[in-house]
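One is the number of the first residue; the rest follow in order along the sequence. The basis for the numbers below is simple: all heavy atoms, side chains too, and nothing from hydrogens, waters or symmetry mates.
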Amino acid sequence: MPLRDLDYVLTKLDWMRAERIWPNGLRYLWTDAFGVVLYVSLYRETGEERWLDQAKWLVGEVDRVLGRPRGYRIGEAPDRGGQYFHYLAMWLFALACLGDHDPAYRAKGIRIARDAHEPFVLPGRGVVWKMEEDLSAPYPGYGLGAMDAFDGYVSYRLLSGRELAGEIAEMREIMERQYRRLDIDQDLGLGMMLWLAHFFPDEEWAKVQREKALAALDFLWVDPPGYFGRASYAREVRIAFANYGASVGLQSWNEWPERVSALNAYFERYRSGDEYDREAITHVMACCSHLPGAFVTESITSEALAT
């Protein structure tokens with residue numbers, strides 16, 4: 001069963017706020033998407049309205065700082081310009097989770113998806129990985145994303161299979177061309193693919209990618225001390241937030257709980273010696289590893305799973 005370590009999460013949240021790391025630090029779309037889902041998880045665990053209020057406050061802050069006429073800037077820092085589709089898709093998932101409790105946020109997510117879809121998507125070919133901040137053109141030096149169609153497909157369906165039917169069909173067409181030959185070789189990507197696949201486990205793409213992801217992660221496991229290496233060519237490289245993403249993916253399938261526990265314990269004591277020791281992405285994703293909550297289907301109340 002997925003972890004429900006509420007004490008860990010509450011202690012970590014208090015520490016992050018006291019250190020002005022999060023949510024009172026710089027905005028970053030990926031981290032804040034995980035944060036909204038974390039707040040929804042806390043609401044579902046405790047029934048305390050303050051967590052839904054926090055989630056809504058955070059959405060407002062992201063809109064204020066990162067929101068653009070179409071889509072969202074990657075982050076607040078000067079070197080975080082442009083837009084990533086996979087960040088946008090994670091934000092849409094967060095809005096779908098919050099939308100289960102306030103329909104206005106589901107409607108908001110549908111509007112964002114419709115606005116951003118056309119600039120990012122090349123029908124029958126792929127999804128542009130990074131775009132200029134105003135979505136006027138692809139960001140120089142970047143091509144198509146390996147997983148982005150899968151990201152969009154899942155987030156769109158969780159928002160509304162009916163209202164986003166055309167956009168979902170375009171994502172599905174790209175996926176059908178990719179899923180059998182797609183081989184991911186990165187810890188976080190493998191965890192996220194496992195997580196995406198668990199929403200629709202009976203679909204062929206999900207079956208194929210689940211088996212590939214588990215096999216690839218098994219090869220990346222280094223024990224002792226207990227972590228997933230970055231890639232097959234860099235098993236010695238260990239990144240905390242990426243391992244926490246792998247943990248969420250594994251917990252969505254109830255796979256390898258002993259490895260989840262081992263990596264959580266290892267990264268509590270491990271220090272990389274770089275900026276990620278204090279970056280919000282590390283600690284917010286640590287919370288989600290200890291309380292995946294709304295990330296997993298048993299907590300999803302959206303009717304989209306049936307569409």
Side-chain angles (χ1 to χ4, degrees), residues 2 9 23 27 29-73 83 85-121 135 150-172 192 195-196 198-200 203 248 252 284 287-288 291-307:
V9 172
R27 299 269 65 87
L29 189 60
W30 179 268
T31 303
D32 289 333
F34 271 76
V36 169
V37 180
L38 178 64
Y39 283 146
V40 173
S41 300
L42 286 166
Y43 169 71
R44 294 179 185 175
E45 281 289 318
T46 67
E48 296 176 8
E49 289 288 336
R50 65 183 175 120
W51 297 117
L52 276 188
D53 292 341
Q54 279 289 101
K56 293 176 182 180
W57 170 84
L58 183 54
V59 171
E61 284 298 288
V62 170
D63 283 346
R64 181 181 67 83
V65 177
L66 303 181
R68 298 297 182 263
R70 292 188 298 172
Y72 291 82
R73 178 182 165 93
Q83 295 197 37
F85 184 81
H86 63 295
Y87 280 29
L88 184 64
M90 188 60 76
W91 185 244
L92 296 178
F93 172 75
L95 293 175
C97 289
L98 187 52
D100 285 336
H101 304 282
D102 185 335
Y105 290 91
R106 181 176 306 281
K108 177 184 181 70
I110 291 168
R111 290 195 303 271
I112 295 166
R114 285 174 171 161
D115 286 345
H117 179 85
E118 185 176 355
F120 271 103
V121 177
L135 299 186
F150 301 83
D151 295 320
Y153 174 80
V154 170
S155 290
Y156 290 179
R157 283 194 62 181
L158 293 176
L159 282 168
S160 177
R162 181 183 66 256
E163 295 192 53
L164 294 171
E167 291 85 353
I168 290 167
E170 290 190 349
M171 291 299 194
R172 186 61 185 257
M192 293 295 92
W195 172 69
L196 293 169
H198 100 282
F199 288 104
F200 305 106
E203 295 186 1
V248 170
S252 70
V284 173
C287 289
C288 295
L291 180 66
F295 278 100
V296 299
T297 52
E298 63 188 38
S299 296
I300 297 289
T301 61
S302 171
E303 65 182 16
L305 286 172
T307 64

Engineer: Please list, chain by chain and in numerical order, all residues satisfying side-chain hydrogen bond (donor to acceptor under 3.5 Å, both in side chains) with Y39, sequence neighbours excluded.
Structural biologist: Q54

Engineer: Partners of E167 by side-chain hydrogen bond (donor to acceptor under 3.5 Å, both in side chains), sequence neighbours excluded?
Structural biologist: none

Engineer: Of all residues at least two apart in sequence or in a different chain, which pass the salt bridge (Lys or Arg N to Asp or Glu O under 4.0 Å) check with E45?
Structural biologist: R4

Engineer: Can you find a side-chain donor-acceptor pair between E203 and Y153 that sits under 3.5 Å?
Structural biologist: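 The criterion, which ignores hydrogens and geometry beyond distance, is satisfied for Y153 and E203.
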
Engineer: Applying side chain to side chain contact (heavy atoms under 4.5 Å, CB included), can you list everything that pairs with V248, at least two apart in sequence or on another chain?
Structural biologist: W195, C288, F295

Engineer: If only atom types and distance count, is the side chain of H198 paired as donor or acceptor with the main-chain N or O of V296 below 3.5 Å?
Structural biologist: no

Engineer: Tell me every residue that passes salt bridge (Lys or Arg N to Asp or Glu O under 4.0 Å) with D63, counting only those two or more places apart in sequence or in another chain.
Structural biologist: K108

Engineer: Please name all residues satisfying ring pair (Phe, Tyr, Trp, His ring centres under 6.0 Å) with Y105, sequence neighbours left out, ordered by chain then number.
Structural biologist: none

Engineer: Taking only distance into account, with no hydrogens and no angle test, what donor-acceptor pairs under 3.5 Å do side-chain atoms of residues 29-36 form with protein atoms, sequence neighbours excluded?
Structural biologist:
| unit_1 | atom_1 | unit_2 | atom_2 | d |
| --- | --- | --- | --- | --- |
| D32 | OD1 | W22 | NE1 | 2.7 |
| D32 | OD1 | R27 | NH2 | 3.0 |
| D32 | OD2 | R27 | NE | 2.7 |
| D32 | OD2 | Y28 | N | 3.2 |

Engineer: List the residues meeting side-chain hydrogen bond (donor to acceptor under 3.5 Å, both in side chains) with H86, not counting sequence neighbours, and say none if there are none.
Structural biologist: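 H86 satisfies side-chain hydrogen bond (donor to acceptor under 3.5 Å, both in side chains) with no residue once adjacent residues are dropped.
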
Engineer: What closest approach, in Å, do A96 and L159 show between heavy atoms, and which atom pair accounts for it?
Structural biologist: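 Looking at all heavy atoms of both residues, the shortest contact is CB-CD2, 3.8 Å.
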
Engineer: Looking at I168 and S160, what are the two nearest heavy atoms and their distance?
Structural biologist: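 Heavy-atom minimum between the residues: CD1-O, 3.9 Å.
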
Engineer: Holding to side chain to side chain contact (heavy atoms under 4.5 Å, CB included), I want the full list of residues that pass it with D115, two or more places apart in sequence or in another chain.
Structural biologist: R70

Engineer: Please confirm whether the backbone N or O of A294 pairs with a side-chain atom of S41, one donor and one acceptor, at under 3.5 Å?
Structural biologist: yes

Engineer: Looking at every non-hydrogen atom in both residues, tell me the closest pair between A116 and P119 and how far apart they are.
Structural biologist: O-CD, 3.1 Å

Engineer: Once side-chain hydrogen bond (donor to acceptor under 3.5 Å, both in side chains) is applied, do any residues pair with R50, and if so which ones, sequence neighbours excluded?
Structural biologist: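 Counting only residues at least two positions away or on another chain, R50 forms a side-chain hydrogen bond (donor to acceptor under 3.5 Å, both in side chains) with E48.
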
Engineer: Which heavy atom of G71 sits nearest to which heavy atom of L88, and what is that distance?
Structural biologist: CA-CD1, 4.4 Å

Engineer: Could you pull out all residues at least two apart from R114 that satisfy salt bridge (Lys or Arg N to Asp or Glu O under 4.0 Å)?
Structural biologist: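 By the salt bridge (Lys or Arg N to Asp or Glu O under 4.0 Å) rule, R114 matches E163.
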
Engineer: Rounded to the nearest 0.5 Å, what separates atom CD in Q83 from atom CZ in F85?
Structural biologist: 10.5 Å

Engineer: CG/L98 to CG/L52 distance, rounded to the nearest 0.5 angstrom?
Structural biologist: 6.5 Å

Engineer: Could you pull out all residues at least two apart from R73 that satisfy salt bridge (Lys or Arg N to Asp or Glu O under 4.0 Å)?
Structural biologist: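 By the salt bridge (Lys or Arg N to Asp or Glu O under 4.0 Å) rule, R73 matches E133.
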
Engineer: Going from CH2 on W91 to OG on S155, what distance comes out if it is rounded to the nearest 0.5 angstrom?
Structural biologist: 12.5 Å

Engineer: Of all the heavy-atom pairs spanning A113 and Y156, show the shortest one and how long it is.
Structural biologist: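 Taking A113 first and Y156 second, the nearest heavy atoms are CB-CE2, 3.7 Å.
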
Engineer: Looking only at heavy atoms, what is the nearest atom pair of A89 and G152, with distance?
Structural biologist: CB-N, 4.2 Å

